[in-house]
**Student:** 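Dumping the structure here so I can ask a few things about it.
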Amino acid sequence: MNNDKSKIKVMVGLSGGVDSAVALALLQKEGYDVHAGFMRNWDAIANNDFSGNPTLLDPACPQEVDYDDALKVANKLGVTLHRVDFIKEYWDDVFMYFLAEYEKGRTPNPDIFCNKYIKFDAFLNWAKKLGFDYIATGHYAKKIVKGDEVFLAKSLDQDKDQTYFLSQLSKTQLESTLFPLGDITKTEVRAIAKALHLAPATKKDSTGICFIGERQFRDFLKNYIPAQQGVIVDINNGKTIGFHSGVYYYTLGQRRGLGIGGLKDYDENKRWYVCKKDVVKNILYVANDDHDAHLLSDKITLTDINFINGEIENGTTINVKFRYRQADQKATFYRNEQGAYLVFPTPYLAITPGQAAVFYLDDICLGGAIIADLYFKNNKIN
RNA sequence: UGGGGCAUAGCCAAGCGGUAAGGCAACAGACUUUGACUCUGUCAUCUCCCUAGUUCGAAUCUAGGUGCCCCAG
């Protein structure tokens, strides 16, 4: 059976981290004709990424450290490493969207669009042009093939499941992809990397926006969206209780960075949470309770609706994740002339416009959408 | 310029003679391929507005300053 797979050419996206390194090793072991591709999609200097960037003074650019790690892995496994840049594509298709969303007062999820437009589009097409049959990544997700149909499913390691970030993929994109880590745990991945003496075996998982990295977020945004000071208002009594440096920089449900504390006549044990952003008036509304009624919604409208295997029937109740690593919650999907929306059996807390609502039926990821407006008892609240 | 009250960390605040609670904020770390949430830790020592005194010992008592608040002008 190795003969069959040896004729299948797979381009593995190799990031320099453990996950993609092990993905590569596993596919190679299975007998595929594997190559590796290292992407560079962000140029900190060219993209004016200075403020809030902790790596500027590093002796070696972190991307080059990652490249070195990727190269070590490729060399260790005897695999050819290609290198490709999608800096323009990332800027145009992901980062412009990201900034436009923030300017509207929303909280976008760039990594979802990075997958949709870069890894599973620009990178996939690049690989196809080079004659590859598939791309593969180190995502924790399963691709399940049943006859002619292909499904996206949660990874075996439920704690690491990354289908949330893959919710905007099309069936076509999925068909050309392999997820070698879908059936193993993170612990096993680390163990395999160690056993094979792969350089990133003990490397810390990377976080922050994919391809950009860890940033002091508010300062990072200030490179592109200028600070505009304004007031912070208690949504429950309209009183000004503080000042912010720009409503754009905050997320609904956020607590940190408000600088409000020790106000008289308030419960001293309670913290303040962002519950509304008025971009036009530049007002940030907050509430003094993590369960304040103003944080609740019972219906949300959706844009960018994507069903991987065809749209579900109007009125179907499904499981939905509104943020990464959140427990699934019940919601009923509706679509009419006005658009699509979800209705909840009970009000949910701090749902954030711009983030993804991702649909599940058991372990199958049906697709997802982007959260538009929030409603509570039929009143728009965002 | 008569009377009364209060001055403790960025903010709120406990403490009532025995060697500075707690909360919020902030910061750091953990978690995390977005942004958040969450969790853990740190955070007053020529220290409790200043000065002098009483005392073995004072944030706590006394006197005098200084500042703020309230009532009466």
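Side-chain atoms are counted along with the backbone in the values below, which use heavy atoms only and exclude waters and symmetry mates. Here is the naming used below: chain letters follow the sequence lines, and residue numbers restart at 1 for every chain.
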**Student:** Between B/C31 and B/C39, how far apart are the two C1' atoms, rounded to whole Å?
**Tutor:** 8 Å

**Student:** Looking at A/Arg40 and A/Asp43, does any basic side-chain N land under 4.0 Å from a carboxylate oxygen?
**Tutor:** yes

**Student:** In terms of side-chain geometry, is the basic nitrogen of A/Asp68 or A/Lys72 positioned less than 4.0 Å from the acidic oxygen of its partner?
**Tutor:**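 No, this pair does not count.
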
**Student:** Which whole-number value in Å describes the distance from A/Leu284 CG to B/A36 P?
**Tutor:**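 Atom-to-atom, A/Leu284 to B/A36, this comes out as 13 Å.
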
**Student:** Heavy atoms from C-beta onward define the side chain here; which of B/G35, B/U38, B/U32 lies closest to that of A/Tyr273?
**Tutor:**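 The answer is B/U38, which lies nearest to the side chain.
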
**Student:** Would you kindly give the CD1-to-P distance between A/Ile371 and B/U34, to the nearest whole Å?
**Tutor:** 16 Å

**Student:** Minimum heavy-atom separation for A/Pro353 to A/Leu252, with atom names?
**Tutor:**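 Result for this residue pair: CD-CD2, 4.0 Å.
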
**Student:** Write down the distance separating the C1' atoms in B/C68 and B/G41, rounded off to the nearest Å.
**Tutor:** 37 Å

**Student:** For B/U32 and A/Tyr140 - does any side-chain N or O of the residue sit under 4.0 Å from the phosphate oxygens OP1/OP2?
**Tutor:** no

**Student:** Please state how far atom CD in A/Gln254 lies from atom P in B/U32, giving the value in whole angstrom units.
**Tutor:** 20 Å

**Student:** What integer number of Å spans the C1' atoms of B/A28 and B/C43?
**Tutor:**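 B/A28 and B/C43 have their C1' atoms separated by 11 Å.
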
**Student:** Give me the stems containing RNA chain B, sorted by first residue, counting only three or more consecutive Watson-Crick or G-U pairs with both distances under 3.5 Å; say none if there aren't any.
**Tutor:** B:2-7 with B:66-71, B:10-12 with B:22-24, B:26-30 with B:38-42, B:49-53 with B:61-65

**Student:** Base, sugar-phosphate, or nothing: which does A/Thr352 touch, judged by heavy atoms less than 4.0 Å apart?
**Tutor:**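 Touches a base.
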
**Student:** Looking at the rings of A/Tyr140 and A/Phe179, which for Trp means the six-membered one, are their centres under 6.0 Å apart?
**Tutor:** no

**Student:** Are A/Phe86 and A/Tyr90 an aromatic pair by the rule of ring centers under 6.0 Å?
**Tutor:**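 For A/Phe86 and A/Tyr90, the ring centres are not under 6.0 Å apart.
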
**Student:** Take atom P in B/G35 and the same atom in B/G29, then report the distance between them in whole Å.
**Tutor:** 15 Å

**Student:** Does A/Asp205 pair with A/Lys186 as a salt bridge, N-O distance under 4.0 Å?
**Tutor:**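 Looking at A/Asp205 and A/Lys186, the cut-off is met.
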
**Student:** Compare side-chain N and O positions of A/Arg323 against OP1 and OP2 of B/A36 and report whether any pair is under 4.0 Å apart.
**Tutor:**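 No, outside the criterion.
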
**Student:** Taking atom P of B/U32 as reference, at what distance in whole Å does atom CD1 of A/Ile209 sit?
**Tutor:** 18 Å

**Student:** RNA chain B: A/Lys160 or A/Lys270, which has the more 5' nearest nucleotide?
**Tutor:** A/Lys270

**Student:** Could you measure between the two P atoms, the one in B/A59 and the one in B/C27, and give it in whole Å?
**Tutor:**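 One P to the other, the span is 32 Å.
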
**Student:** List the residues meeting ring-ring contact (aromatic ring centres under 6.0 Å, His included) with A/Phe38, not counting sequence neighbours, and say none if there are none.
**Tutor:**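 A/Tyr67.
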
**Student:** Hey, are A/Lys203 and A/Asp66 close enough for a salt bridge, meaning a charged N less than 4.0 Å from a carboxylate O?
**Tutor:** yes

**Student:** Determine all donor-acceptor pairs shorter than 3.5 Å in which one atom belongs to a side chain in residues 237-249 of chain A; sequence neighbours excluded.
**Tutor:**
from     : atom 1 : to       : atom 2 : distance (Å)
A/Asn237 : OD1    : A/Lys239 : N      : 2.9
A/Asn237 : ND2    : A/Asp234 : OD2    : 3.3
A/Asn237 : ND2    : A/Tyr266 : OH     : 3.1
A/His244 : ND1    : A/Gly246 : N      : 2.8
A/His244 : NE2    : A/Val231 : O      : 3.4
A/His244 : NE2    : A/Asn282 : O      : 2.9
A/Tyr249 : OH     : A/Ile225 : O      : 2.6
A/Tyr249 : OH     : A/Pro226 : O      : 3.3
A/Tyr249 : OH     : A/Ala227 : N      : 3.0

**Student:** Work out how far the C1' atom of B/A36 is from that of B/A30, and round it to whole angstrom.
**Tutor:** 16 Å

**Student:** Donor-acceptor pairs under 3.5 Å, side chain of residues 10-17 of chain A to any protein atom, not counting sequence neighbours: which ones?
**Tutor:**
from    : atom 1 : to      : atom 2 : distance (Å)
A/Ser15 : OG     : A/Gly17 : N      : 3.1
A/Ser15 : OG     : A/Ser20 : OG     : 3.2

**Student:** Could you list by number each residue of residues 255-264 of chain A showing a heavy-atom separation from RNA chain B of less than 4.0 Å, or answer none if no residue does?
**Tutor:**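 Only A/Arg255, A/Arg256, A/Gly257, A/Leu258, A/Gly259, A/Ile260, A/Gly261, A/Gly262, A/Lys264 qualify.
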
**Student:** Quickly work out the A/Tyr324 OH to B/U38 C1' distance and round it to whole Å.
**Tutor:** 16 Å

**Student:** Using atom types as modelled, flag every donor-acceptor pair under 3.5 Å from a side chain in residues 374-382 of chain A to any protein atom, sequence neighbours excluded.
**Tutor:**
from     : atom 1 : to       : atom 2 : distance (Å)
A/Lys380 : NZ     : A/Asn382 : O      : 3.4
A/Asn382 : OD1    : A/Leu374 : N      : 3.1
A/Asn382 : ND2    : A/Asp373 : OD1    : 3.0

**Student:** Can the ring centroids of A/Phe333 and A/Phe307 be said to lie less than 6.0 angstrom from one another?
**Tutor:** yes

**Student:** Take atom C1' in B/U19 and the same atom in B/U51, then report the distance between them in whole Å.
**Tutor:**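 To the nearest whole Å, 22 Å.
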
**Student:** Give a yes/no on whether any side-chain N or O of A/Arg271 is located under 4.0 angstrom from OP1 or OP2 of B/U38.
**Tutor:** yes

**Student:** Quick check on contacts: within residues 97-123 of chain A, what sits under 4.0 Å from RNA chain B by heavy-atom distance?
**Tutor:**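 Here the set is A/Tyr102, A/Thr107, A/Pro108, A/Asn109, A/Pro110, A/Asp111, A/Asn115, A/Lys119.
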
**Student:** Could you go through nucleotides 20-22 of chain B and list every protein N or O atom that sits under 3.5 Å from one of its N or O atoms, giving the distance for each pair?
**Tutor:**
from  : atom 1 : to       : atom 2 : distance (Å)
B/G22 : N2     : A/Glu268 : OE1    : 2.9

**Student:** Indicate whether any N or O donor in one side chain lies under 3.5 Å from an N or O acceptor in the other, for A/Thr317 and A/Thr332.
**Tutor:** yes

**Student:** Salt-bridged, A/Glu64 to A/Arg83, with N to O below 4.0 Å?
**Tutor:**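 Yes, this pair counts.
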
**Student:** Would you mind classifying the nucleic acid contact of A/Gly17 as base, sugar-phosphate or nothing, using non-hydrogen atoms under 4.0 angstrom?
**Tutor:** nothing

**Student:** Whole angstrom is fine here: how far is it from CZ in A/Phe243 over to C1' in B/A25?
**Tutor:**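 Those two atoms, CZ and C1', are 16 Å apart.
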
**Student:** Could you work out, with side chain to side chain contact (heavy atoms under 4.5 Å, CB included) as the rule, every residue matching A/Ala287, not counting sequence neighbours?
**Tutor:** A/Ile235, A/Asn236, A/Cys275, A/Asp292

**Student:** Please enumerate all residues that pass ring-ring contact (aromatic ring centres under 6.0 Å, His included) together with A/Phe132, with sequence neighbours excluded.
**Tutor:**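 Checked A/Phe132 against ring-ring contact (aromatic ring centres under 6.0 Å, His included); matches are A/His35.
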
**Student:** Provide, to the nearest angstrom, the distance between the CG atom belonging to A/Leu252 and the P atom belonging to B/A36.
**Tutor:** 13 Å

**Student:** What nucleic acid atoms does A/Phe165 come within less than 4.0 Å of, heavy atoms only: base, sugar-phosphate, or nothing?
**Tutor:** base

**Student:** Since syn is defined as within 90° of 0, does B/C46 count as syn or as anti?
**Tutor:** anti

**Student:** If I take atom OH in residue A/Tyr348 and atom P in nucleotide B/A36, what distance separates them, rounded to the nearest angstrom?
**Tutor:** 25 Å

**Student:** Under 4.0 Å between a Lys/Arg side-chain N and an Asp/Glu carboxylate O for A/Glu149 and A/Lys171?
**Tutor:**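 Here A/Glu149 pairs with A/Lys171 in a salt bridge, since their nearest N and O are under 4.0 Å apart.
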
**Student:** If you take any heavy atom closer than 4.0 Å to RNA chain B, which residues from residues 286-307 of chain A end up in contact?
**Tutor:** none

**Student:** Please work out if A/Gln326 contacts a base, only the sugar-phosphate, or nothing of the nucleic acid, heavy-atom cut-off 4.0 Å.
**Tutor:** nothing

**Student:** A/Tyr97 and ring pair (Phe, Tyr, Trp, His ring centres under 6.0 Å): which partner among A/Tyr102, A/Phe113, A/Trp91?
**Tutor:** A/Phe113

**Student:** For B/C12 and B/G64, measure between their P atoms and round to the nearest Å.
**Tutor:**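 The same atom, P, in both gives a distance of 29 Å.
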
**Student:** Please list, one pair per line, the donor and acceptor atoms closer than 3.5 Å that link side chains of residues 116-128 of chain A to other protein atoms, with sequence neighbours excluded.
**Tutor:**
from     : atom 1 : to       : atom 2 : distance (Å)
A/Asn125 : ND2    : A/Asp121 : O      : 3.1
A/Lys128 : NZ     : A/Ser176 : OG     : 2.8

